[in-house]
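Okay, so here's the structure we're looking at.
Note: hydrogens, waters and symmetry copies are ignored here, and every other heavy atom, side chains too, is used. All residue numbers refer to positions in the sequence shown, counting from 1.
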Amino acid sequence: MVSHSELRKLFCSADAVCFDVDSTVIREEGIDELAKICGVEDAVSEMELVSRLQERNVQVFLISGGFRSIVEHVASKLNIPATNVFANRLKFYFNGEYAGFDETQPTAESGGKGKVIKFLKEKFHFKKIVMIGDGATDMEACPPADVFIGFGGNVIRQQVKDNAKWYITDFVELLGELEE
């Protein structure tokens, strides 16, 4: 069993940090935002953490079971390249009617976030990847992620709160770790 201080050291020495998007990086669920037909600009949480990680040359990824069209807007606001976004793609017929979603995306299936992290480790040879998120699918991504940090700053999911070895409700705690 890894101690809390070891988890903190792993976070501070991570090669990459992956964030869930819905209810983690943004306050709402993306599908709710899409239904309201509103932009994500106002929904982006205070993400100084992303900037601080990037300043430390840590790769930052967004991994979401939500829709890429929304997640890419969030990524843009956080200066995360679109190549670091893994999310579901919507499909439309030529006449503009909804045709479903792209089932070939890893996030479209069970265990997809873990598959993305495994892919990132293989492609970039990352030694330590941290996954941060609010839901069970985020928690299930560890392993292959080396550390999971449960986040309850927007929505508290009891299963995650009870089972995460490290659970936070504010990114300020992680910023503080980077400052030490």
Problem set entry | CA sep, side-chain torsions, deciding dist, call: Met131, Ile149, side chain to side chain contact (heavy atoms under 4.5 Å, CB included) | CA-CA 6 Å; Met131 180 69 200; Ile149 301 172; over 6 Å; no

Problem set entry | Point-to-point distance, once rounded to the nearest 0.5 Å, from CZ of Arg56 to OG of Ser51 | 13.5 Å

Exercise. Between Ala164 and Phe148, which heavy-atom pair has the shortest distance, and what is it?
Worked result: CB-CE2, 3.8 Å

Exercise. Which word best sums up how the rings of Phe86 and Phe119 line up, parallel for under 30°, tilted for 30 to 60°, or perpendicular for over 60°?
Worked result: perpendicular

Exercise. Is there a donor-acceptor contact under 3.5 Å from the side chain of Asp138 to the main chain of Gly135?
Worked result: yes

Exercise. Rounded to the nearest 0.5 Å, how far apart are CG of Asp162 and CE of Met139?
Worked result: 9.0 Å

Seminar exercise, completed: d(Ile132 CD1, Leu53 CG) to nearest 0.5 Å is 7.0 Å

Problem set entry | Approximate separation, where rounding is to 0.5 Å, of Lys161 NZ and Ile168 CD1 | 13.0 Å

Problem set entry | Rounded distance [0.5 Å steps], CG in Asn163 versus CD in Glu140 | 11.0 Å

Exercise. With side chains defined as the heavy atoms from C-beta onward, is the minimum distance between Asn84 and Val60 less than 4.5 Å?
Worked result: no

Exercise. Looking at Lys121 and Asp146, does any basic side-chain N land under 4.0 Å from a carboxylate oxygen?
Worked result: yes

For this session: Would you check, one step at a time, whether the test side chain to side chain contact (heavy atoms under 4.5 Å, CB included) holds for Glu173 with Trp166?
Result: CA-CA 11 Å; Glu173 183 176 337; Trp166 190 358; 3.0 Å; yes

Exercise. What's the shortest heavy-atom distance between Pro144 and Gly114, and which atoms?
Worked result: CG-O, 3.1 Å

For this session: Side-chain contact test, heavy atoms from C-beta onward, threshold under 4.5 Å: evaluate it for Ile63 versus Ile117 and give yes or no.
Result: yes

For this session: Any chance you could lay out the side chain to side chain contact (heavy atoms under 4.5 Å, CB included) test for Val160 and Tyr167, step after step, and finish with the verdict?
Result: CA-CA 8 Å; Val160 175; Tyr167 189 81; 4.0 Å; yes

Exercise. Does the side chain of Lys128 reach to within under 4.5 Å of the side chain of Val147, using non-hydrogen atoms?
Worked result: no

For this session: Spell out, as yes or no, whether a donor-acceptor pair under 3.5 Å connects the side chain of Gln54 to the backbone of Asn79.
Result: yes

Exercise. So Leu120 and Phe126, side chain to side chain contact (heavy atoms under 4.5 Å, CB included) or not? Walk me through it.
Worked result: CA-CA 7 Å; Leu120 294 174; Phe126 293 136; 4.3 Å; yes

